[in-house]
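For reference, the structure is listed below as structure tokens.
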Amino acid sequence: MPSLPTPRIAIIGSGPAGCYLAQSLVRSLPGCELTLFDRLPSPFGLIRYGIAADHQHTKAITRQFERLFAAPNVRFAGDVAIDTDGVIGADVTLAELQEHFDAVVFATGLSADRALTVPGGTLPGVVGAGALTRVLNAHPDTAAALPELGADVVIVGAGNVALDVLRFLVKDKEGYAQSDVADTALAPYLADPAQRITILSRSDVAHAKGDPQMFKELAGLERGRYTTDAAALTLPEGADRTTTARVAAVAELTAPDRPAHPGPNVTLHFGAVPVRFEGTDRVTGVTVELGGVTRLIPATAVITAIGFDGLASNGDAANLSALPAASPTGRIRPGVYRTGWAKRGPNGAIPENRACAKSVAEEIVADLSDGTLATDPGKFGFGGLPARVQDRAISFAQWQVLDAHECATARPGRVRTKLPDHTQMAAIARGAALPQAQA
Ligand SMILES: Cc1cc2nc3c(=O)[nH]c(=O)nc-3n(C[C@H](O)[C@H](O)[C@H](O)COP(=O)(O)OP(=O)(O)OC[C@H]3O[C@@H](n4cnc5c(N)ncnc54)[C@H](O)[C@@H]3O)c2cc1C
């Protein structure tokens, strides 16, 4: 088989999807030149800013990706926003990238909380789970302060992100040992934690999205007292292994003989449909249909955890938001591809992005093989971009300076203290010293 041309490829986004794609391309096109752009000064997307701070074992996947960036043909270009949707102050347009790279791949994820379209859905006190987890993860786009939650918190959804939020609400200080939680958000919450928490799952236990392991983890914590409707624990006939394990985990969590640990009272409602959020100036409750009966559940805050969306588009028909949500193919048109959540929609855990990226890499290789995608010796990749972009881009070595700074300044009991300010992150990465008081 004749050797394949070695393209210069721009990957927009350095989350799991971008990193897995780069891994696949390095293997199948050893001579290719890859640049992973990210609008943030730090790589790794939701690994850093979505995955819960007390799940450091999951975040450890970054060790694998660090090895990727050690390859001479893989470059990180942080703090460079590509204009995909026109909603972010961009540094480079898609057209500019295409001028200098043989192919461009969107691995931009989907980071906005999906809104629950019920009356009252936009009342103050209704908070998206993504927004909340970004605060806890010190995301530079988010205000540092945790939204006011109060004593009665309702969580809409029972997927893994909802269960991450529940775990946060239930845990005490000790639960954050060796985490990288933003203490500026955690401390005010622990000073005035939720007393009563209600989970509203539209699905029954059999079809709830949360992994059995996530319910088991809650059961293993010596915190909180849990109840659920007895009918929720009926195992449907012919239930598969995951369903059986989930029902068993919820039964363990809500068992009447589970010791009465300190912490909030948690009620899990399955088959519950929120009809309306009550309140005038702020949410005060959720009207819900449950087992054919309409009930009002008091709420000082409602956290919606029903999935994610793209950021609102500026209406430019060429942008990514204008494309169909999930697509079986990564090719948008020859030379322009997408992978990860930007391709499949906001579904699936980190490992699923690996298989997705592999299939997109195969599409790119196939396009090169049959000439659909041509390489152009007149394109110089990152080296062809204007000096203002090249000078701005934070390299992987510069990110490692920021990484080392965050680890070195970790407070007692923390593995790192993330800087929550974009400008400051970029300055530290570029070698600036922090004023003593902030270091
Ligand atoms: C709250 C939350 C918790 C989660 N917890 C877990 C978990 O515990 N375990 C698990 O396996 N999975 C978890 N997931 C799922 C996992 O995070 C996703 O499967 C994965 O991150 C999707 O990868 P991605 O690369 O497509 O998107 P992302 O991780 O979102 O990465 C996209 C990257 O693109 C960058 N970007 C976006 N737009 C631009 C632009 N215009 N220019 C330049 N850069 C841009 C972003 O800054 C970001 O770095 C969680 C998800 C969420 C939301």
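Fair warning: this is a prediction, and the values are worked out from it, not measured in the lab. Numbering of ligands and ligand atoms starts at 1, following listing order.
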- What are the atoms of ligand 1, with element, lying closer than 4.0 Å to any heavy atom of Gly348? 15 (C), 18 (C), 19 (O)
- Working to the nearest 0.5 Å, report the span between CD of Gln398 and OG of Ser395. 4.0 Å
- Item | Over all atoms of both residues, closest heavy-atom pair of Lys216 and Glu252 | NZ-OE1, 3.1 Å
- Can you list the ligand 1 atoms lying under 4.0 Å from a non-hydrogen atom of Val80? 43 (C)
- For ligand 1, is there an atom lying under 4.0 Å from some heavy atom of Ile47? no
- Message: Side chains of Lys209 and Asn160: any donor to acceptor distance under 3.5 Å?
- Response: no
- Item | Atoms of ligand 1 close to Ala81 [distance to a heavy atom under 4.0 angstrom, numbered from 1] | 42 (N)
- Nearest heavy atom to atom 29 (O) of ligand 1 wins, so pick from Ile11, Leu46, Ile12. Leu46
- Query: Between Ile350 and ligand 1, is there a nitrogen or oxygen pair with a distance under 3.5 Å?
  - Reply: yes
- Task: Tell me yes or no: between the side chains of Gln56 and Ser179, is some donor less than 3.5 Å from an acceptor?
- Result: no
- Task: Decide yes or no for Pro264 and Val170: does some side-chain heavy atom of the first lie under 4.5 Å from some side-chain heavy atom of the second?
- Result: yes
- Query: Which ligand 1 atoms are under 4.0 Å away from a heavy-atom of Gly13?
  - Reply: 33 (C), 34 (O), 35 (C)
- Query: Gly50 heavy atoms, cut-off 4.0 Å: which ligand 1 atoms fall inside?
  - Reply: 1 (C), 2 (C), 3 (C)
- Query: Do Glu217 and His55 have side-chain N/O donor and acceptor atoms under 3.5 Å apart?
  - Reply: yes
- Message: Counting the benzene-type ring for Trp, do Phe382 and Phe101 have ring centres under 6.0 Å apart?
- Response: no
- Does an N or O from Phe44, backbone or side chain, lie closer than 3.5 Å to an N or O of ligand 1? no
- Query: Is Leu110 close to ligand 1, meaning an N/O of one under 3.5 Å from an N/O of the other?
  - Reply: no
- Query: In ligand 1, which numbered atoms sit nearer than 4.0 Å to a non-hydrogen atom of Ala17?
  - Reply: 23 (O), 24 (P), 25 (O), 26 (O)
- Considering Leu163, Leu94, Thr339, Val161, which one's heavy-atom position lies nearest to atom 2 (C) of ligand 1? Val161
- Query: With distance as the sole test, does Arg416 use its side chain to make a donor-acceptor pair with the main-chain N or O of Cys407 at under 3.5 Å?
  - Reply: no
- May I ask you to decide if Glu66's main-chain N or O and Arg63's side chain share a donor-acceptor pair within less than 3.5 Å? no
- Item | Non-neighbouring partners of Asp240 that pass side chain to side chain donor-acceptor pair (under 3.5 Å), sequence neighbours left out | Thr243
- Message: Closer than 4.0 Å to some heavy atom of Gly45 - which atoms of ligand 1 meet that?
- Response: 29 (O), 31 (O), 48 (C), 49 (O)
- Report the part of Thr133 (side chain from C-beta onward, or backbone N, CA, C, O) that has a heavy atom under 4.0 Å from ligand 1; answer both or neither where that applies. side chain
- Item | Selection residues 12-25 - residue pairs positive for side-chain hydrogen bond (donor to acceptor under 3.5 Å, both in side chains), sequence neighbours left out | Ser14-Asp38, Gln23-Gln64
- Task: Report, in ascending order of atom number, the atoms of ligand 1 lying under 4.0 Å from any heavy atom of Phe308.
- Result: 53 (C)
- Does any N or O atom in Asp83 lie less than 3.5 angstrom from one in ligand 1, N or O only? no
- Query: Have His422 and Asp141 got a donor and an acceptor in their side chains that come within less than 3.5 Å?
  - Reply: no
- Message: Contact between ligand 1 and Gly130 is defined here as a heavy atom of the residue under 4.0 Å from a ligand atom; is it met?
- Response: no
- Message: Can you confirm, on distance only, whether ligand 1 has an N/O atom lying under 3.5 Å from any N/O atom belonging to Thr58?
- Response: no
- Message: Are any of the N/O atoms on Asn353, whether in the backbone or the side chain, positioned under 3.5 angstrom from an N/O atom of ligand 1?
- Response: yes
- Specify side chain, backbone, both or neither for Ala107, according to which of its non-hydrogen atoms lie closer than 4.0 Å to ligand 1. backbone
